[in-house]
Amino acid sequence: MGRREPCHRNSNHGDSTDSRAASDNHCRITWRDTLTMDLSQVELKKTVNLPKTDFGMKANLAQLEPKLLEKWRASGLYQKIRQSSAGRPRYVLHDGPPYANGNIHLGHVFNKTLKDFIVKSKTMSGFDSPYVPGWDCHGLPIEIKVDAELGSKKAQMTPAQIRKACRAYAQKYVDLQKKDFMRLGVFGDWDHPYLTMDARYQSVIAHAFVDFLDQGYVYKGLKPVHWCMRCRTALAEAEVEYENHSSPSIWVRFPLTSDAGALDAALAGRNVYGLIWTTTPWTIPANMAIAYHPKFEYSAVESNGPGSDVYLVATDLVQATKETCGWESSEELARFAGRKLEGAVFRHPFIERDSGGILADHVTLEQGTGAVHTAPGHGQEDYVVGVQYGLDVYCPVDVDGRLYHTENAVGRLPETLVGKTVWEANPLVIELLRERGALLAEKKIDHSYPHCWRCHRPTIFRGTEQWFIGMDRNGLREKALAAIRRIKWMPAWGEDRIYNMIASRPDWCISRQRMWGVPIVVFTCTGCNRMLTEKALLDHVVDQFMTGTADVWYEKTAKELLPEGTSCAHCNGAEFTKEKDILDVWFDSGSSHLAVLNEEFGLEWPAELYLEGGDQYRGWFHSSLLVAVGLKGDAPYRECATNGWTLDGEGKAMSKSIGNVVEPDKIIKQHGAELLRLWVTSVEFHEDVRISDTILTRLTEAYRKLRNTLRYTLGNLHDFDPVYDMVPAGEMLEIDQWILTRAGQLVERCRAWYGEFAFHRVYQALYNFATTDLSAIYFDVLKDRLYTAAPNARARRSAQTAMYRIHLALVRLMAPLLTFTCEEAWQHTRRPAGSPESVHLTLFPDPEELTAGLSAEHRARAANWEQLMELRETVLKSLEVARQEKFIGAPLEARLVLRAGSDVAPLLHQYGGDLAALFIVSEVALESQPAAGLSVRVERAGGVKCERCWKYTRDTGANPRLPTVCQACAEAVVEMLAGQTA
RNA sequence: GCUACCGUAGCUCAAUGGUAGAGCAGCCGACCGAUAAUCGGCCGAUGAAAGUUCGACUCUUUCCGGGAGCACCA
């Protein structure tokens with residue numbers, strides 16, 4: 001490393017700040033001048049090497065970020081990252097598709113930013129980590145919105161036209177959301193995202209269904225749904241509005257036909273009845289069971305004195321029932337837990353059918369008798385418990401809400417009811433019950449009841465045919481549970497959560513009576529009413545989706561869709577009808593691993609990681625798992641992580657009605673996306689997280705600190721060229737070696753935390769390092785050396801070398817988090833030759849980069865400095881006392897006299913020469929007289945204050961040509977002036 | 001109602017069952033060569049109550065508060 005010519009050599013390291021201006025001030029002075037000139041005329045202030053950089057203190061992120069985004073786009077940065085990562089080990093985070101409806105909210109920001117942290121940190125850890133974003137485009141919410149937009153026009157439109165309108169609507173929001181996601185600085189293949197409505201994706205979905213069907217998972221069954229008999233349609237939960245409604249409520253008795261003595265000896269030989277209460281008399285014909293709560297207590301009571309009829313009523317409701325039914329007495333003959341009634345047999349009051357005693361947890365004691373009339377064809381809970389007990393989903397009500405004789409019914413519907421609507425049937429049923437002596441009481445009741453959102457008529461629950469995937473077919477449930485055990489869940493409780501869900505969930509109802517989605521590809525033979533389910537035929541149809549989208553199902557006839565000459569295997573008929581239902585949207589998004597983790601996207605199955613909000617245990621994690629286990633035999637992800645909910649500052653959920661919604665757009669406009677990223681960085685993301693003005697203010701300050709840290713290193717490196725100025729680590733000052741070992745530890749810890757996705761720990765560590773290790777200690781101590789030593793002095797170059805290493809490490813270590821700021825800093829950094837144009841093309845620093853060149857002995861000496869730092873705290877406290885007493889102002893006004901015990905005295909003596917600098921005082925004296933621990937005496941510094949370095953020295957004025965300056969400064973100034981012309 | 005989750009200082013985070021630590025904020029001060037910066041000092045907490053234990057932020061139970069999913073109002 002030779003002598004150089006700072007004035008004339010140009011930097012060839014990119015567009016980094018130059019730098020030479022501070023020196024330029026002196027370029028006009030010649031060497032000859034320094035020998036003769038009156039040095040007292042030199043402006044001393046200009047001989048101080050202050051930091052200098054174009055990297056602004058103010059970020060102006062709102063303006064800067066769009067510029068960087070455009071630069072990245074124009075330079076094809078994402079593609080460059082792909083190229084430079086090619087061949088490295090793969091790490092694929094598969095994106096869960098947000099729903100293409102509405103603007104993005106903070107929850108989206110949270111999730112997408114976390115994904116970006118993972119992808120970027122994996123990339124910088126040496127993985128090839130592509131990111132293909134996607135959107136969920138089908139489904140009811142979009143269809144409803146489009147319905148509303150179309151209004152009355154919809155009636156004249158074909159299904160294919162309506163679907164086109166839905167597609168346009170979804171595309172609009174895909175584009176909108178895409179813009180917002182990109183604005184966050186999330187890197188990904190935004191030009192080629194996956195959409196569930198893509199022709200190719202739709203064909204994957206339909207093929208997946210056909211495969212499920214072909215492998216025997218799928219069956220058609222009955223399930224009660226909300227039904228509007230005026231609109232003659234099933235309604236989704238979102239299409240139901242609850243309004244007040246007046247219903248007849250009735251108390252009905254069912255004679256016990258099984259052995260009463262088995263319940264309790266006291267009941268042997270008595271006339272015992274089950275007693276139910278209902279507000280829907282028309283469902284009595286469909287009664288299949290009476291449900292009791294297993295844990296409630298039930299009483300068998302005599303209603304009218306000794307020897308009269310006995311009723312089984314929940315003990316807590318005996319009194320109320322007695323009053324309602326007008327009983328004269330309620331003598332309790334026996335009392336037992338509800339679980340004893342399981343298996344009891346009752347007789348339907350007017351149909352030739354038994355009604356069994358069953359147990360159900362949904363039974364309550366709020367109203368009625370504690371015994372619930374159970375009609376699986378007419379109620380959700382009745383259905384669920386009915387499935388458990390193997391009850392028929394009996395629904396003798398047609399699409400118009402009229403009762404009719406169904407096939408294979410047990411017991412015959414009374415003819416008086418047949419053909420009547422359920423509302424007409426209510427009084428008739430009541431009359432029938434009264435005739436049979438089964439009606440004990442009747443009362444009007446006003447309650448909230450589901451109504452159709454369109455016609456506002458009351459709806460009913462009606463058992464309808466739906467398509468299901470059987471959880472216990474082919475061992476689907478068992479295989480899914482086994483797969484769950486093999487996945488790494490983060491946090492760990494996720495495993496139990498989804499395990500319990502899968503273990504207890506009912507069969508998957510995959511059909512929807514809707515238009516905007518992927519059709520269930522099945523045909524029915526009009527001749528014999530049998531279904532056409534042959535895989536080869538259905539595949540032929542689905543293949544047409546690949547080019548024409550699933551719209552072809554609606555645009556073509558069955559004949560056009562099916563291969564020519566297709567005929568029914570049973571009746572040889574050639575006429576078929578198309579299935580009308582579409583698939584559940586969860587089946588669509590649950591198939592994303594099939595549609596995306598393939599050659600088309602350059603990805604492999606399965607993914608390494610899924611990361612979504614906790615709601616997705618019931619959603620995408622769940623459906624993806626079932627589709628994958630069903631068709632591929634294993635889970636589509638090896639690891640599964642959850643992020644929490646975003647709440648307001650009080651920990652309350654955000655809602656429009658409360659008005660506590662925090663809009664990401666507003667924050668971005670005000671503070672920049674970087675601040676949102678920093679917020680995501682700062683919190684423990686597995687838990688619910690808060691955001692508020694207080695939090696944003698804190699983060700703004702933290703951001704400034706981190707930014708200023710980079711600014712300060714850049715500013716002090718303005719005249720440092722690593723090629724010429726680097727000091728070998730082994731020759732550096734010990735405190736410089738110390739900070740490098742600290743930085744090395746920081747890098748090591750942060751990299752481990754990145755590996756665990758513990759971004760908040762990275763943040764805390766970085767922030768603490770910046771505030772404490774650097775700003776409060778190292779930089780503060782360094783100022784004297786950096787500012788007052790001659791620019792090329794060995795001690796100053798030593799400090800700059802440490803700063804340079806640290807700067808290069810920090811800017812890369814933070815790049816996944818502060819994506820914009822680090823890129824900006826990278827452009828201002830005098831980078832090593834051959835380093836990439838973008839910080840996002842670099843790898844994380846290695847701890848060894850910080851400490852390279854330090855021997856074990858050097859590192860051991862760094863430990864001495866840890867001790868010295870502890871002593872420094874004690875010293876600072878003493879200085880503070882002196883300051884409070886107005887004895888000193890600036891610490892340089894002080895002279896310290898230290899006395900120490902035998903534990904630290906050797907250390908103090910060893911580093912005696914470094915202590916004044918470390919404590920930033922003018923002089924430190926050590927007294928040999930021992931003291932307990934460390935005793936600090938603060939005195940006024942002796943000597944005269946040097947105008948340049950502000951230290952009090954005894955040699956100030958020693959150089960007559962520079963009378964206001966200490967000897968060291970005088971030498972530095974002369975060297976500087978001389979250096980300009982060498 | 002059911003299932004799992006969360007609760008440490010004003011804020012964000014730490015603490016193998018073993019003395020509850022940071023940073024920021026706040027308050028007081030210093031500096032005026034990182035200046036819409038920088039430095040120092042001080043103040044401050046385990047949601048509540050029982051229990052297990054020599055010892056509990058940590059384990060158990062109950063309660064309170066918060067959020068999530070599911071189900072439901074016959």
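Residue numbering restarts at 1 for every chain, and letters A, B, ... go by the order of the sequence lines.
- With no hydrogens or angles considered, no side-chain donor-acceptor pair links Asp496(A) and Trp489(A) at under 3.5 Å.
- In this model, no side-chain donor or acceptor of Glu684(A) finds a partner on the base of U12(B) within 3.5 Å.
- Comparing the C1' positions of A14(B) and G29(B) gives an interatomic distance of 29 Å, to the nearest angstrom.
- No hydrogens or angles considered: nothing links the side chains of Asn660(A) and Glu650(A) as a donor-acceptor pair under 3.5 Å.
- His807(A) and Thr713(A) form a side-chain donor-acceptor contact under 3.5 Å, judged by distance and modelled atom types alone.
- Taking every side-chain heavy atom of Asp615(A) into account, G69(B) is the closest of A36(B), G69(B), G7(B).
- Note on His686(A): nothing from the nucleic acid sits closer than 4.0 angstrom, heavy atoms only.
- Among the heavy atoms of the strands, none lies under 4.0 Å from Arg872(A).
- In this entry the distance linking CG of Asn660(A) with C1' of G66(B) reads 13 Å, nearest Å.
- Neither OP1 nor OP2 of C2(B) sits under 4.0 Å from any side-chain N or O of His362(A).
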Whether each nucleotide of nucleotides 27-32 of chain B has a protein heavy atom under 4.0 Å at its base (B), only at its sugar-phosphate (S) or at neither (-) is summarised, 5' to 3', as --SSSS
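- Contact of the Thr278(A) side chain with the Ile250(A) side chain is registered, since non-hydrogen atoms from C-beta on lie closer than 4.5 Å.
- Base engagement by Val372(A) is indicated by at least one non-hydrogen atom pair under 4.0 Å involving a base atom.
- Side-chain atoms of Thr459(A) and His451(A) form no donor-acceptor pair, as typed in the model, at a separation below 3.5 Å.
- Checking Thr47(A) against Arg948(A) by side-chain atom types alone, a donor-acceptor pair falls below 3.5 Å.
- Other residues, nucleotides and ligands place more than 12 heavy atoms under 6.0 Å from the CG atom of Asn60(A).
- Ranking A36(B), G23(B), U12(B) by closeness to the Asn768(A) side chain, first place goes to G23(B).
- If you check residues 274-281 of chain A against RNA chain B, the residues with a heavy atom closer than 4.0 Å are Trp277(A), Thr278(A), Thr279(A), Thr280(A), listed by number.
- Annotation: proximity of residues 701-709 of chain A to RNA chain B (heavy atom, distance under 4.0 Å) is found for Glu701(A), Arg704(A), Lys705(A), Asn708(A), numbered in ascending order.
- Distance check on atom C1': G67(B) versus C24(B) gives 26 Å, rounded to whole Å.
- Nucleic acid contact for Phe779(A): base, since at least one base atom lies under 4.0 Å from a heavy atom of the residue.
- Side-chain atoms of Thr364(A) and base atoms of A74(B) include a donor and an acceptor less than 3.5 Å apart.
- Side-chain contact of Asn287(A) with Ser355(A): a donor-acceptor pair under 3.5 Å is present, judged by distance alone.
- Side-chain contact annotation: His622(A) with Arg505(A), donor-acceptor N/O pair under 3.5 Å present.
- The cationic group of Arg707(A) lies under 6.0 Å from the six-membered ring centre of Phe55(A) and within 45° of the ring axis, placing it in a cation-pi geometry.
- Between C73(B), A14(B), G67(B), one nucleotide has an atom nearer to the side chain of Lys652(A) than all others, and that is G67(B).
- The gap from the P atom of G41(B) to that of U60(B) amounts to 41 Å, rounded to the nearest Å.
- For Lys783(A) and A34(B), the shortest distance from a side-chain N or O to OP1 or OP2 is below 4.0 Å.
- Between the CH2 atom of Trp753(A) and the P atom of A14(B) there is a distance of 10 Å, rounded to whole Å.
- Taking atom P in both G1(B) and G17(B), one finds a spacing of 33 Å when rounded to whole Å.
- Whole-Å rounding puts the Asp784(A) CG to A34(B) P distance at 12 Å.
- The side-chain tip of Arg872(A) does not point at the ring of Phe919(A) from less than 6.0 angstrom away and within 45° of straight on.
- Judged by closest nucleotide on RNA chain B, Cys949(A) is the one of Cys949(A) and Arg497(A) placed further toward the 5' end.
- For Trp493(A) and U3(B), the CH2 to P distance is 16 Å, given to the nearest whole Å.
- Smallest separation of non-hydrogen atoms from Phe757(A) and Phe685(A): O-CE2, 3.1 Å.
- Side-chain contact annotation: Lys705(A) with Ser775(A), donor-acceptor N/O pair under 3.5 Å present.
- Straight-line distance between the P atoms of U8(B) and A74(B): roughly 40 Å, to the nearest whole Å.
- Pairing partner, C2(B): G69(B), with both Watson-Crick or wobble hydrogen-bond distances short of 3.5 Å.
- Look at the C1' atom in both A45(B) and A15(B): the space between them is 13 Å, to the nearest Å.
- With rounding to whole Å, Asp382(A) atom CG is found 15 Å from A71(B) atom P.
- Side-chain atoms of Thr821(A) and Tyr703(A) form a donor-acceptor pair, as typed in the model, at a separation below 3.5 Å.
- Closest to the side chain of Tyr767(A), out of C24(B), G67(B), G33(B), is C24(B).
- Under the Watson-Crick or G-U wobble criterion, with both distances below 3.5 Å, C63(B) is paired with G47(B).
- One interatomic measurement links the two molecules: CD1 of Ile498(A) to C1' of U3(B), which rounds to 13 Å at whole-angstrom precision.
- As a whole-Å value, the separation of Ile445(A) CD1 from C73(B) P is 13 Å.
- A 3.5 Å limit on both hydrogen-bonding distances identifies no Watson-Crick or G-U partner for U19(B).
- Donor-acceptor pairing under 3.5 Å, judged by distance alone, is present between the side chain of Ser775(A) and the base of A34(B).
- For Thr681(A) and His760(A), the side-chain atoms include no donor-acceptor pair closer than 3.5 Å.
- Checking C24(B) for Watson-Crick or G-U wobble geometry (two distances, each under 3.5 Å) identifies G10(B) as its partner.
- You'll find that the side chain of Ala653(A) is closest to A68(B), out of C42(B), C6(B), A68(B).
- Atom name C1', nucleotides G47(B) and A9(B): the rounded distance is 14 Å, in whole Å.
- Checked against A34(B), C11(B), U12(B), the side chain of Arg698(A) finds its nearest nucleotide in C11(B).
- The partner of A30(B) is U38(B), judged by Watson-Crick or G-U wobble contacts that both fall below 3.5 Å.
- Taking every side-chain heavy atom of Leu876(A) into account, G41(B) is the closest of G41(B), U12(B), G33(B).
- For the C1' atom pair drawn from G40(B) and C31(B), the interatomic distance equals 10 Å after rounding to whole Å.
- Within the 4.0 Å cut-off from OP1 or OP2 of A15(B), at least one side-chain nitrogen or oxygen of Arg761(A) is found.
- Spacing between atom CD of Glu687(A) and atom C1' of C6(B) amounts to 6 Å, rounded to whole angstrom units.
- Remark: Met976(A) CE to Asn49(A) CG distance equals 4.5 Å, nearest 0.5 Å.
- The side chain of His760(A) has A14(B) as its nearest neighbour among A4(B), G69(B), A14(B).
- Nearest to the side chain of Thr771(A), among G23(B), G40(B), A74(B), sits G23(B).
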